[in-house]
Every structure is written in structure tokens, then in C-alpha cells.
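Residue numbers start from 1 in every chain, and the chains themselves are labelled A, B, ... in the order their sequence lines are given, proteins ahead of strands.
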There are 2 protein chains.
Amino acid sequence: MRIEDEIKQPTFRNVFQKAYINLAFTANWLQMQAAQTFKNYDLTLPQFNVLRILRGQHPNPATVNLIIERMLDKTSNASRIVDKLVAKGWVTRTQCEHDRRTVDVLITEEGLNLLKRIDECEQTLNAHMGMQHLSESEAEQLNQILDKIRG
Amino acid sequence: MRIEDEIKQPTFRNVFQKAYINLAFTANWLQMQAAQTFKNYDLTLPQFNVLRILRGQHPNPATVNLIIERMLDKTSNASRIVDKLVAKGWVTRTQCEHDRRTVDVLITEEGLNLLKRIDECEQTLNAHMGMQHLSESEAEQLNQILDKIRG
DNA sequence: ATACATTTAATGTTACAACATATTTTAATT
DNA sequence: AATTAAAATATGTTGTAACATTAAATGTAT
């Protein structure tokens with residue numbers, strides 16, 4: 001569906017404004033879909049992203065700082081997201097020995113199982129991340145353009 | 001800057017996952033920039049978007065429903081956003097005569113002046129909406145790909 | 001060694017998003 | 001006409017984002 005119809009705005013000032021609005025709208029659209037899916041697993045989107053970062057580190061722990069570095073939304077509150085994950089038993093948090101300012105955040109077996117379960121149930125989603133309608137070369141083009149936007 | 005470096009993740013499962021993450025990251029990146037700019041005008045991003053919708057209707061009023069239709073984030077709380085804009089004097093809200101369930105939301109002169117002021121001060125921003133690094137044809141490509149993602 | 005600066009994480013606070021529910025008015029059904 | 005359904009907006013509630021501040025540990029300089 002064309003962005004003009006999605007937000008019922010027939011014209012834009014120029015193609016750049018249209019691209020900007022289209023980008024914001026589409027990203028939001030994808031995010032809503034993903035959030036809806038993860039609600040079935042009692043997970044918010046930021047929580048899911050943190051879990052994936054921790055799986056990427058496993059079996060090594062991650063510090064809160066490392067999590068922030070790898071998060072999409074840098075301003076988000078990593079410490080409190082970890083709180084939630086600890087409360088749900090998907091993550092452990094222990095003070096680091098070498099640098100007692102930092103903290104070792106480690107995904108648990110249950111956390112890994114949860115991610116595995118999500119992977120299996122949402123195979124299509126995970127294979128294409130909501131990009132089913134794109135060819136590989138289109139996805140590559142998109143990556144190039146997005147990198148270019150950020151300069 | 002490549003997305004790999006932005007979030008310090010050297011590889012992705014496939015080009016689709018990479019495009020998905022890139023899209024989320026870039027949209028968030030643009031949003032943060034815009035939010036920062038609008039803070040100078042005591043405006044949040046949703047408030048600014050509603051103001052622009054109302055300018056698009058001017059001199060006709062808009063209902064809350066029309067605002068929701070045209071908003072990028074449909075789940076957002078249009079009624080309360082209008083509250084804020086009324087409190088700041090940039091918008092008026094009066095009960096509609098023909099259908100007393102609905103409400104006429106109208107941008108004020110001050111509201112129009114605010115937008116004009118923003119337009120003038122942020123000329124570059126507004127001309128390209130943060131897409132300075134894109135050619136016209138790239139912006140068009142981007143629009144096509146984004147429309148395709150949403151099916 | 002002491003004093004000062006920096007780093008890391010946690011916490012306090014405010015505003016807003018998300019979701020559900022209520023209220024008022026209009027439309028539809030019998 | 002009365003009853004019920006639907007529509008439009010407002011409001012209540014909960015959780016979280018955004019931002020600032022604090023607290024503790026480490027690094028650095030004199």
C-alpha cells in the first residue's frame with residue numbers, strides 16, 4: 001500500500017519529505033507487528049533485543065554498558081530492562097570481580113530456551129523479519145540507502 | 001557509517017535481518033534528531049505532527065478522528081495531544097454543531113506562526129528531512145522499497 | 001598517599017504510550 | 001417511539017521512556 005494512502009496524504013512537499021515520512025511510518029508499522037508477536041511470550045521489544053544480545057555473548061557475560069552499545073535505542077534504560085529479565089528468570093546479574101563497578105549479565109538456560117522456542121514458532125518472521133516482500137537485492141539496496149542517510 | 005559498526009554487530013543472519021535492524025535503527029536515529037530540534041520550540045514530535053496535520057486542513061477544522069487517520073503512530077493518544085496544544089494556545093477545540101460527538105480542532109494564528117518560524121529556522125532540515133545525503137532517485141527507490149515491505 | 005576526575009550502574013522523577021473503560025451523541029432496528 | 005447498537009471522544013490506569021541525579025569503584029595526577 002502506498003504511503004499516500006496509508007496516511008491519507010495525497011501529496012508531499014518533495015520526494016525527501018515523502019521518504020522521511022515513509023521511513024518513520026514503516027519502521028513503526030514493523031515495530032507494532034513485532035511487539036504484538038512478542039507479547040505472546042510476555043516480552044517487550046526492548047527486552048527481546050537485550051535477550052538476543054546476551055545470547056550473542058553466551059556463554060560469556062555482558063556488562064550493562066555492552067548492552068547499551070549494542071541496543072538500537074541508546075537512550076533506553078538498560079539497567080531496568082535487565083531488572084525485568086532477572087525477575088522473569090531469563091537472566092542473572094552478578095557483580096563483576098575484576099571491576100566491581102560493572103556487573104556480569106548472563107542469559108540463563110530458561111532464557112536460551114525461550115529464544116529457541118520463539119525461533120521455532122516464528123520461523124517465517126525470523127527468517128525475513130517482516131521483509132517477506134523484498135528480494136535479496138532489494139534488501140541490500142535498502143541497507144545501502146539507510147547507511148547513506150546516516151552519513 | 002555502516003550499521004555493523006553503529007551497533008557493533010559484525011555479522012547478521014541474513015540480509016533481511018540486517019535490513020530490518022538497519023531500518024529500526026535509522027528511523028530511531030532520525031527521530032532522535034528531530035525530537036532534539038523540536039525541543040527548542042517546546043514541542044514533542046507527535047505534537048509537531050498534529051500541528052502540521054492541522055495546518056494542512058487550515059482554514060478548515062479537523063476532528064480528532066481525522067487527526068488519528070493521518071498520524072504516523074495510530075495508537076497514540078490524539079485527544080491528549082490536542083489537550084497539550086490547546087494549553088499552549090496553538091490550537092482551539094470546540095464542539096461541532098452538526099455532530100455533537102465530534103469536535104472541531106483548529107490551528108490558531110500563533111500555531112501557524114510557530115510552524116512558520118520553525119520552517120524558516122530549520123530550512124535545511126525541512127527541505128530534506130534529514131535525507132541530505134540521498135539523491136532524488138535514491139529517495140524514490142527508498143519509497144518504493146518501503147511501500148513493498150508493507151505489502 | 002591523597003585529592004580529584006572518570007566510569008559504571010542504579011535510582012528518582014516527570015511525562016507520555018498503551019490499553020481499557022466510560023460517556024455522550026448519533027444511527028439503526030423493531 | 002423505544003431500544004439497541006455504533007461512533008466519537010475523553011478519561012483512568014499501568015508501565016515505560018526520557019532525563020537528571022546519585023553512589024560506588026576505579027583511574028589519574030600531584
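- Close to dA18(C), at under 4.0 Å from its OP1 or OP2, lies no side-chain N or O of K39(A).
- Taking atom CG of N49(A) as the reference point, atom P of dA17(D) lies 11 Å away to the nearest angstrom.
- Ionic pairing of R2(B) and D5(B) is present here: one or more N-O contacts between side-chain nitrogen and carboxylate oxygen are shorter than 4.0 angstrom.
- Of the options K84(A), K88(A), R52(A), a side-chain hydrogen bond (donor to acceptor under 3.5 Å, both in side chains) to Q47(A) is made by K88(A) and by none of the others.
- Evaluation of atom-type donor-acceptor distances gives no pair under 3.5 Å for the side chain of R101(B) against the base of dT9(D).
- With distances taken from any side-chain atom of D73(A) to the nucleotides dA18(D), dC19(C), dA9(C), the minimum falls on dA18(D).
- Listed candidates were dA10(C), dA10(D), dC16(C). Nearest to the side chain of R93(B) is dA10(D).
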Evaluation steps, salt bridge (charged side-chain N to carboxylate O under 4.0 Å, His left out), between E140(B) and K18(A): CA-CA 9 Å; E140(B) 273 158 16; K18(A) 181 169 158 181; over 6 Å; no
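- We find that CG of D83(B) is positioned 19 Å from P of dA8(D), with the value rounded to whole Å.
- In this structure, CG of L66(B) is placed 14 Å from C1' of dT9(D), rounded to the nearest angstrom.
- Summary of the strand contacts: T102(A) and K84(B) both lie near DNA chain C, and taking for each the nucleotide with the nearest heavy atom, the more 5' one is attributed to T102(A).
- Rounded to a whole Å, the CD atom of E97(A) is 15 Å from the P atom of dA25(D).
- Remark: of the listed residues I107(B), V103(B), T102(B), D104(B), D104(B) is the sole one forming a side-chain contact (heavy atoms from CB on, under 4.5 Å) with P61(B).
- Looking only at atom types and distance, the side chain of N65(A) has no donor-acceptor partner in the side chain of R101(A) under 3.5 Å away.
- Checking dG12(C), dT25(C), dT8(C) against every side-chain atom of N77(A), the shortest atom distance belongs to dG12(C).
- Rounded to whole Å, the distance from NE2 on H98(A) to P on dA9(C) is 15 Å.
- Taking atom CG on N65(B) and atom P on dT25(C), their separation rounds to 17 Å, with Å as the unit.
- I68(B) places its CD1 atom 7 Å from the P atom of dT9(D), with the value rounded to the nearest Å.
- In this structure, the CG atom of L45(B) is 13 Å from the P atom of dC16(C), given to the nearest Å.
- For T44(A) and V82(B), each mapped to the nucleotide of DNA chain D holding its nearest heavy atom, the one lying further toward the 5' end belongs to V82(B).
- Side chain R80(A) to base dG12(C): a donor-acceptor pair is found below 3.5 Å.
- Of the side-chain N and O atoms in R100(B), none sit less than 4.0 angstrom from OP1 or OP2 of dT9(D).
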